[in-house]
Amino acid sequence: MTGTTQQHARWINPFSVHGDHVTLVPLEERHEDRLVEAVQDGQVWDTWFAAVPSPVGMRREIEWRLGLAEQGRMVPFTVLDAAGRVAGMTAYMNVDPDNRRLEIGHTWYRGSVQRTALNTEAKLLLLQHAFEEADCIAVGFRTAFFNMPSRRAIERLGAKLEGVWRNHVILPDGTLRDTCYYSVIAGEWPAVKRHLTWKLDHAGAGAGAAPGGAAGSAGSAGAGAADRSA
């Protein structure tokens, strides 16, 4: 293990966190079967602009995420709903301890929990840990330009658009993808936290709609889909 990797691992170690609507636990290989079942709920991998793992690709996806975790570049989670059912995946990605920055992304959710309070609370819990425990100065989100549901969802979180990366990614079919990059900075966190808490308090009226469209990234599938450009 290199010195850089050790530094990354020391900054944010795997952790579990619980809320009223969601629980995030460290991703493990034994979650594969339940993740395969979850991704078939709504066929959320069926999108051209973001990379949600297919059922047959789930093992490779888990191995890829755990490999990045070993390098200190990612903190991957399995997402559980209030009943303890596997609902999807999310992660801290592009972890940068030297600059105290990271991104939230590689997120996807089963169709039946999309546009519910689950994703709003998941983002609140991840942002809270990033700013209040890891002392981040900024947390980023990225999504495809054409992923309008995810873009709207990220904006509903309170993140601000920094810009659009033109011709950012060459997709497997050769299409060039533009990527929208959003962020929340440390000085904005108190207001964003208040905003998300308010949304959860009023979730019964639809205020807890989950960020993302059937494939987001930072937003999330259906509330997001993974962004392989990280």
Side-chain angles (χ1 to χ4, degrees), residues 11-28 31 34-35 38 65 69 74-95 97 100-110 112-143 150 153-159 182-204 207-212 216-227 230:
W11 188 41
I12 303 179
N13 291 313
F15 65 93
S16 298
V17 63
H18 309 275
D20 294 331
H21 306 280
V22 68
T23 296
L24 306 177
V25 299
L27 175 66
E28 299 181 31
H31 297 160
R34 287 180 290 166
L35 287 165
R65 294 185 185 220
M74 178 182 282
V75 183
F77 300 92
T78 296
V79 181
L80 311 178
D81 66 15
R85 178 182 61 163
V86 168
M89 307 171 85
T90 192
Y92 286 148
M93 65 187 204
N94 295 332
V95 175
R100 303 207 317 272
R101 299 179 62 101
L102 53 78
E103 298 174 16
I104 296 173
H106 294 295
T107 305
W108 62 265
Y109 299 129
R110 61 167 65 236
S112 58
V113 304
Q114 293 175 12
R115 295 174 179 82
T116 70
L118 180 145
N119 186 59
T120 302
E121 187 172 53
K123 294 299 187 290
L124 171 61
L125 295 172
L126 289 169
L127 285 165
Q128 183 169 341
H129 188 92
F131 285 116
E132 298 180 11
E133 301 296 329
D135 194 27
C136 284
I137 62 171
V139 175
F141 303 83
R142 60 175 73 185
T143 194
S150 184
I154 296 169
E155 291 167 1
R156 285 197 300 270
L157 292 173
Y182 296 81
S183 68
V184 176
I185 60 175
E188 298 167 342
W189 168 236
V192 170
K193 181 179 181 179
R194 180 69 186 93
H195 168 65
L196 295 178
T197 301
W198 183 91
K199 285 170 68 70
L200 288 169
D201 289 343
H202 295 77
S217 101
S220 53
D227 185 344

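The structure displayed is predicted, hence computed values, not measured ones.
Val192 and Gly158 make their closest contact through CG2-O, 4.1 Å (heavy atoms, listed as atom of the first residue, atom of the second, distance). The two residues Glu188 and Ser183 come nearest to each other via the heavy atoms OE1-O, 4.1 Å. Nearest heavy-atom pair, Leu102 versus Tyr92, reported as atom, atom and distance to 0.1 Å: CD1-CD2, 3.6 Å. The two residues Ala117 and Leu200 make their nearest non-hydrogen contact at O-CD2, 3.7 Å. Nearest heavy atom pair, residue His195 against residue Leu157, reads CD2-O, 3.5 Å.
Between Cys136 and Trp11, some side-chain heavy-atom pair lies under the 4.5 Å cut-off. Considering only heavy atoms from C-beta on, Thr197 comes within 4.5 Å of Asp201 through its side chain. Between Leu127 and Leu196 there is a side-chain heavy-atom pair separated by less than 4.5 Å. A heavy-atom distance below 4.5 Å is found between the side chains of Lys123 and Phe141.
From Leu126, atom CG reaches atom OG1 of Thr90 across 5.5 Å, with rounding to the nearest 0.5 Å. The line from OH of Tyr109 to CG of Asn119 is 3.5 Å long, rounded to the nearest 0.5 Å. Atoms NZ and CD, from Lys199 and Glu121 in turn, are 13.0 Å apart once rounded to the nearest 0.5 Å.
Glu133 meets the side chain to side chain contact (heavy atoms under 4.5 Å, CB included) test with His129; sequence neighbours excluded. Every residue two or more places apart in sequence or in another chain that forms a side chain to side chain contact (heavy atoms under 4.5 Å, CB included) with Ala138 is listed here: Arg101, Ile185. Every residue two or more places apart in sequence or in another chain that forms a side chain to side chain contact (heavy atoms under 4.5 Å, CB included) with Glu28 is listed here: Arg30, His31. Annotation: salt bridge (charged side-chain N to carboxylate O under 4.0 Å, His left out) contacts of Arg100 (sequence neighbours excluded): Asp135. For Arg34, the salt bridge (charged side-chain N to carboxylate O under 4.0 Å, His left out) test picks out no residue, with sequence neighbours left out. Residues forming a side chain to side chain contact (heavy atoms under 4.5 Å, CB included) with Ala38 (at least two apart in sequence, or on another chain): Val86, Trp108, Arg110. Every side chain to side chain donor-acceptor pair (under 3.5 Å) that Tyr182 has, sequence neighbours left out, goes to Glu155.
Checked by atom type and distance alone, the side chain of Arg65 never pairs as donor or acceptor with a backbone atom of Ala91 at under 3.5 Å. In this structure, the side chain of Thr116 does not engage the main chain of Gln114 through any donor-acceptor pair within 3.5 Å. Under the 3.5 Å distance criterion, the side-chain polar atoms of Trp189 are left unmatched by any main-chain donor or acceptor of Val184.
Sorted by first and then second residue, the salt bridge (Lys or Arg N to Asp or Glu O under 4.0 Å) pairs with a member in residues 80-93 read Asp81-Arg85; sequence neighbours excluded.
Note: Phe77 and Phe15 have perpendicular aromatic rings, judged against thresholds of 30 and 60 degrees for the angle between ring planes.
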- Query: Would Leu27 and Leu35 satisfy side-chain contact (heavy atoms from CB on, under 4.5 Å), going step by step from the backbone distance to the final call?
  - Reply: CA-CA 10 Å; Leu27 175 66; Leu35 287 165; 3.9 Å; yes
- Task: Any chance you could lay out the side-chain contact (heavy atoms from CB on, under 4.5 Å) test for Leu124 and Lys193, step after step, and finish with the verdict?
- Result: CA-CA 7 Å; Leu124 171 61; Lys193 181 179 181 179; 4.2 Å; yes
Residues 18-26 side chain polar contacts: donor-acceptor under 3.5 Å, at least two apart:
| unit_1 | atom_1 | unit_2 | atom_2 | d |
| --- | --- | --- | --- | --- |
| His18 | ND1 | Thr23 | OG1 | 3.3 |

